[in-house]
Protein chains: 2
Amino acid sequence: MQLDEAKNQFIQAWGALGSSWGINRTMSSIHALLIASKDAMTTEEIMDTLKISRGNANMNIRALIEWGLVKREMVAGERKEYFSAGKDVWEIARQIAKERAKRELEPVTKIVADLQTIEDDSEDAKQFKETMANLEDFTSKVNGTLDKFIKSDKNWFYKSLMSLIK
Amino acid sequence: MQLDEAKNQFIQAWGALGSSWGINRTMSSIHALLIASKDAMTTEEIMDTLKISRGNANMNIRALIEWGLVKREMVAGERKEYFSAGKDVWEIARQIAKERAKRELEPVTKIVADLQTIEDDSEDAKQFKETMANLEDFTSKVNGTLDKFIKSDKNWFYKSLMSLIK
DNA sequence: TTAAACTTTCAGTAAATATTGAAAGTTTAT
DNA sequence: ATAAACTTTCAATATTTACTGAAAGTTTAA
């Protein structure tokens, strides 16, 4: 297999993975392309390689920057902007976990907490409240772990995980 | 707040959460409805409550059953099928993790392993292989943890998690 | 067996989401 | 100040994904 072919397959696979987890295909593909590339790339190069429009490239690069997965780089003497992605997989996972927890888990946790305040003592309501309480307990534990993970350096998490999986 | 209103909000929130994680809204809503309901429900009741068509209800109920999140129940003397969802949040998380890892993580892991076999010793290729190796290491660790999680009883995971987050 | 009670399928349609590309906006060098 | 080099925006459009509902299929009781 050639390097180019390998990169290509990686871009495909990463793009598909993203899209089945609710991240748009182009965003994941650009991310994959930058992960697989040694050097930083310009918008133009990204457009050409992935055969996407300027607008699409621009929007998704910006999204990746917002997620903290890609950063802008200036090359001395050049007017263009260059983009690169971190190669540290732990860091990538951390960033993704952080963003998604913030955007999607937190709002639900808030609602679930509220829902336990209903005043109704039917059997049905009792059971509902119990389920919500369990759910809150669970999400707060997940969040707690994520928080530690997010704040931790790679080593801390690595060690904990190792001891966890023995 | 009334119980019905609370259930409603929960259904909305759970549905939105699912859809931002690549699980369709109806599927998550039905799941939420069944989690929030003390008794098992028929297709008819689900259709009415969520205002969805028969076909949609049927397809998503079947998907939930495939995922192991919902089960059919027969009520003695009744011809209709009743459906209910487990209320144990740990079990739910376990089931979801298991299904998604199988469907979406495994294929990528396989590809990533392959991609390290390219024969090319440019700097660029060297770096690419290194990134892929890290990625493989990472996913295998995640998978290992998931496996333990999936096979474990609630207690095992609870204890491990507690020690992890201290 | 047959007909009522129920479940499943699927072609057509609707809704949500992503993409394009041209125009507007911004920055920089001279 | 201005024009070239570049970035951003957004309305129109294409693509993907989900939903409907009627028809076909299945099961059960008598």
Side-chain angles (χ1 to χ4, degrees), chain A residues 11-12 14-34 40-67 69-84 100 103-104, chain B residues 11-12 14-34 40-67 69-84 100 103-104:
Chain A
I11 290 166
Q12 298 291 108
W14 198 248
L17 182 64
S19 93
S20 70
W21 287 82
I23 291 167
N24 94 48
R25 189 177 227 84
T26 306
M27 182 168 157
S28 321
S29 299
I30 296 176
H31 189 212
L33 175 62
L34 293 176
M41 299 179 76
T42 63
T43 301
E44 207 85 12
E45 288 169 329
I46 293 170
M47 284 166 57
D48 288 354
T49 313
L50 299 180
K51 312 258 188 295
I52 58 176
S53 73
R54 186 171 298 284
N56 196 14
N58 183 268
M59 290 202 338
N60 284 293
I61 291 169
R62 268 194 303 111
L64 284 165
I65 292 171
E66 254 176 54
W67 280 57
L69 292 171
V70 161
K71 59 175 198 265
R72 276 176 219 281
E73 273 177 28
M74 297 304 178
V75 171
E78 285 266 21
R79 188 100 152 258
K80 276 195 277 279
E81 293 180 331
Y82 283 78
F83 303 98
S84 69
R100 303 213 72 171
R103 288 169 197 226
E104 291 135 17
Chain B
I11 290 166
Q12 298 292 109
W14 199 247
L17 183 63
S19 93
S20 70
W21 287 82
I23 290 167
N24 94 48
R25 189 178 227 84
T26 307
M27 181 167 158
S28 320
S29 299
I30 295 177
H31 188 213
L33 175 62
L34 293 176
M41 298 178 77
T42 63
T43 301
E44 208 85 12
E45 289 169 328
I46 293 170
M47 284 167 57
D48 289 354
T49 315
L50 299 180
K51 312 258 188 297
I52 58 175
S53 74
R54 185 171 297 284
N56 195 15
N58 183 269
M59 288 200 341
N60 284 293
I61 290 169
R62 269 195 301 110
L64 284 165
I65 292 172
E66 255 175 54
W67 280 57
L69 291 171
V70 161
K71 59 176 199 263
R72 291 182 145 84
E73 274 177 28
M74 297 304 177
V75 171
E78 285 265 21
R79 188 101 151 258
K80 276 193 278 275
E81 293 181 330
Y82 283 78
F83 303 98
S84 69
R100 303 213 72 170
R103 287 169 199 226
E104 292 135 16

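Chain naming here is simple, since letters A, B, ... match the order of the sequence lines and numbering starts at 1 in each.
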- Message: Let me spell it out: for each of B/Gly22 and B/Gly55, pick the nucleotide of DNA chain D with the closest heavy atom. Which residue's pick is nearer the 5' end?
- Response: B/Gly22
- Single hit among B/Leu64, B/Ile65, B/Leu69 for side chain to side chain contact (heavy atoms under 4.5 Å, CB included) with B/Trp67: B/Leu69
- Message: Of the options C/dT19, C/dT8, C/dT27, whose atoms approach the side-chain atoms of B/Arg72 most closely?
- Response: C/dT8
- Item | Under 4.0 angstrom between B/Arg62 side-chain N/O and C/dT9 OP1 or OP2 | yes
- Query: D/dA18 P sits how many Å from B/Leu50 CG, rounded?
  - Reply: 17 Å
- Query: Would one find a side-chain N or O of B/Asn56 under 4.0 angstrom from OP1 or OP2 of D/dT20?
  - Reply: yes
- Atom-pair distance (CG on B/Asn60; C1' on C/dT8), nearest Å: 14 Å
- Separation between NE2 of A/His31 and CE of A/Met27, rounded to the nearest 0.5 Å: 8.5 Å
- Assign B/Glu81 to base, sugar-phosphate, or nothing according to its heavy-atom contacts below 4.0 angstrom with the strands shown. sugar-phosphate
- Item | C/dG21 OP1/OP2 closer than 4.0 Å to side-chain N/O of A/Asn58 | no
- Item | Euclidean distance, atom CD1 of residue A/Ile61 to atom C1' of C/dT19 [Å, nearest integer] | 14 Å
- Below 4.0 angstrom from OP1 or OP2 of D/dC6, is there any side-chain N or O of A/Thr43? no
- Query: D/dC6 C1' sits how many Å from A/Glu45 CD, rounded?
  - Reply: 14 Å
- Task: Please report, rounded to the nearest Å, how far the P atom of C/dT17 is from the CZ atom of B/Arg25.
- Result: 8 Å
- Contact check, side chains of A/Trp14 and A/Leu33, non-hydrogen atoms, under 4.5 Å: no
- Note on the structure: Between the CG atom in A/Leu34 and the CD atom in A/Glu45, the distance rounded to the nearest 0.5 Å is 10.0 Å
- Item | Atom-to-atom span, CD1 of B/Ile52 to P of D/dA18 - whole angstrom | 14 Å
- Starting at the 5' end of DNA chain D and moving along, which residue's nearest nucleotide shows up first, A/Met59 or A/Glu78? A/Glu78
- Euclidean distance, atom CG of residue A/Asp48 to atom P of C/dT20 [Å, nearest integer]: 13 Å
- Query: Is the closest side-chain heavy-atom distance between A/Lys71 and A/Phe83 below 4.5 Å?
  - Reply: no
- Nearest-angstrom distance from the residue atom CZ of A/Arg54 to P of C/dA23: 14 Å
